[in-house]
Amino acid sequence: MNVLLSAAFVLCWSSGFIGAKLGAGSASAVTILMWRFLPLTVVLIAVAVTVSRAAWRGLAARDVARQAVIGALSQSGYLLTVYYAIQLGVSTGTTALIDGVQPLVAGALAGPLLHQYVSRRQWLGLGLGAAGVAVVTLADAAAAGGVAPWAYAVPFAGMLSLVAATFLEGRSRTRVVPSVSLTVHCATSTVVFTALAVGTGSAVPPAEASFWAAIAWLVALSTFGGYGLYWLILRRSGVTAVNTLMFLMAPVTTVWGALMFGEPFGPRTALGLALGLAAVVVVRRGERRGGRPSGGGREEPCGPVSGGPARSGRATGRRPLPAGPRPDRRRAGPPS
């Protein structure tokens, strides 16, 4: 995996937790999310009907519907729980680290659902990551007064929503280019969050400049940067690799939150983050020993996926993939 691409993904994804904290002081979660996605969707639709019309050719209604479901899980469900947890008082670093348990669930399900091989070294790394999550969550719960214990379960619900979206995308046999999927996902989230905001009387945005600064931050860094890079790295490197990078979100977000908001950062927090970093090192070394080639063109569960449109002589929004993974490639090494 390209190092610069991975670093950009970690920074941009981590910025989403910071942006949620920035906006939490001036508006509710649904208000922030509605105004994060509403103008963004207008721009994306305008681009879709003018500049990138070719990318939509050949898409069936079921492909768009599938992407809408993926968007509802990976954006609407995931982001709503993250923002709500931070609004309840859970620190940004702890929320990010609870999200980091995602590789455990993805790794456990990769075999039976996607027929991907998960090595013992990967399981060791995933176990270290889980230990880090437990240590930091307990430390944050002890330091944060007035936060209900059940609030720490909210980010777990968001993590499960993102895992479901990841596997739904992984099982798809239709290739949808990132610009199309991003437009459908954002449009779906706009409908969901607008309905929630209107239904709860939270649709009117506050006049504070800090609110609109947080919205600009979230659109530029978190949506285009973090979310876009998430699906790009997922298609290039596979489920385990992209979820391994999720362990890096917690150290970056925790340090960022401590410097920017004065959130607690004690010895137990440092220990938990160290366990998360150790998990990344263990899994990444397992990849190199497994002999996986670097860069793109790596096999996904439903067949090889590469960037860009299908090479069929014209631009297209999708392409059929082979019926299943090649056994010889699957056994060559860890699929992360």
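Quick caveat, the model's predicted, so the values are computed rather than measured.
Judged by distance alone, with hydrogens and angles left aside, the side-chain atoms of Glu208 form no donor-acceptor pair with the main-chain N or O of Ser26 at under 3.5 Å. Side chain of Trp13 to main chain of Met249: no donor-acceptor pair is present (N/O by atom type, distance under 3.5 Å, no hydrogens or angles). Checking side-chain atoms of Ser161 against main-chain N and O of Leu73 turns up a donor-acceptor pair under 3.5 Å. For Thr190 (side chain) and Phe37 (main-chain N/O), a donor-acceptor pair under 3.5 Å exists by modelled atom type. With Ser202 contributing its side chain and Thr31 its backbone, the two residues share no donor-acceptor pair below 3.5 Å. Put simply, the side chain of Trp212 never gets that close to the backbone of Ala207: no donor and acceptor are under 3.5 Å apart.
No side-chain heavy atom of Val252 sits under 4.5 Å from any side-chain heavy atom of Phe17. The closest side-chain heavy-atom distance from Ile18 to Ser14 is not below 4.5 Å. In this structure, the side chains of Gln67 and Val180 stay at 4.5 Å or more apart for every pair of heavy atoms.
Scanning both residues, Met159 and Tyr78, for their nearest heavy atoms gives N-CD1, 4.4 Å. Listed here is the closest heavy atom pair of Ala214 and Leu22: CB-CB, 4.0 Å. Between Ile70 and Glu169, the closest heavy-atom pair is CD1-OE1, 3.3 Å. Residue Phe211 comes nearest to Pro205 through the heavy atom pair CE2-CB, 3.7 Å, listed as atom of the first residue, atom of the second, then distance. Shortest non-hydrogen contact noted between Thr81 and Gly158 is OG1-CA, 2.8 Å. When every heavy atom of Leu40 is checked against every heavy atom of Arg36, the shortest pair comes out as CB-O, 3.6 Å.
Val47 and Val177 end up in different hydrophobic clusters when Ile, Leu, Val, Met, Phe, Trp and Tyr side chains are linked at under 4.5 Å. Neither Val192 nor Val154 shares a network with the other; the hydrophobic side chains, linked directly or stepwise wherever heavy atoms of I, L, V, M, F, W or Y lie under 4.5 Å apart, form separate groups for each. Connection of Leu221 to Met260 is established within a shared hydrophobic cluster, with ILVMFWY side chains joined at heavy-atom distances below 4.5 Å, either directly or through further cluster members. A single hydrophobic cluster is not seen to contain both Val191 and Val69; linkage of ILVMFWY side chains at heavy-atom distances under 4.5 Å, directly or through other members, places them apart. In this structure, Phe261 is a member of the same hydrophobic cluster as Trp256, with clusters built from ILVMFWY side-chain heavy atoms closer than 4.5 Å.
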>> Between Val30 and Tyr84, does the side chain to side chain contact (heavy atoms under 4.5 Å, CB included) criterion hold? Intermediate values first, please.
In response: CA-CA 9 Å; Val30 291; Tyr84 186 49; over 6 Å; no

> side chain to side chain contact (heavy atoms under 4.5 Å, CB included) between Leu196 and Leu80: does it pass, once the steps are laid out?
Replying inline: CA-CA 11 Å; Leu196 288 174; Leu80 186 60; 4.0 Å; yes

>> Checking Ile32 against Leu218 for the side chain to side chain contact (heavy atoms under 4.5 Å, CB included) test, could you report, in this order, the C-alpha distance in whole Å, the side-chain angles of both residues, the deciding distance, and whether it holds?
In response: CA-CA 9 Å; Ile32 298 169; Leu218 291 166; 3.8 Å; yes

>> Show, in sequence, the C-alpha distance, side-chain angles and deciding distance for Leu5 and Leu232, and conclude whether the side chain to side chain contact (heavy atoms under 4.5 Å, CB included) test is met.
In response: CA-CA 10 Å; Leu5 193 66; Leu232 177 61; 4.1 Å; yes

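Interatomic distance, CD1 of Ile45 versus OG1 of Thr50, reported as 11.5 Å (0.5 Å rounding). Rounding to the nearest 0.5 angstrom, the gap separating the OG1 atom in Thr95 from the CZ atom in Phe156 is 10.5 Å. The CD1 atom of Ile215 sits 10.5 Å away from atom CG of Leu38, with the distance rounded to the nearest 0.5 Å. Gln75 CD to Phe193 CZ: the interatomic distance, rounded to the nearest 0.5 Å, is 7.5 Å. Separating the CG atom in Leu160 from the CG atom in Leu162 is a distance of 10.0 Å, to the nearest 0.5 Å. Summarising the geometry, atom OH belonging to Tyr83 is positioned 15.0 Å from atom CG belonging to Leu88; distances are rounded to the nearest 0.5 Å.
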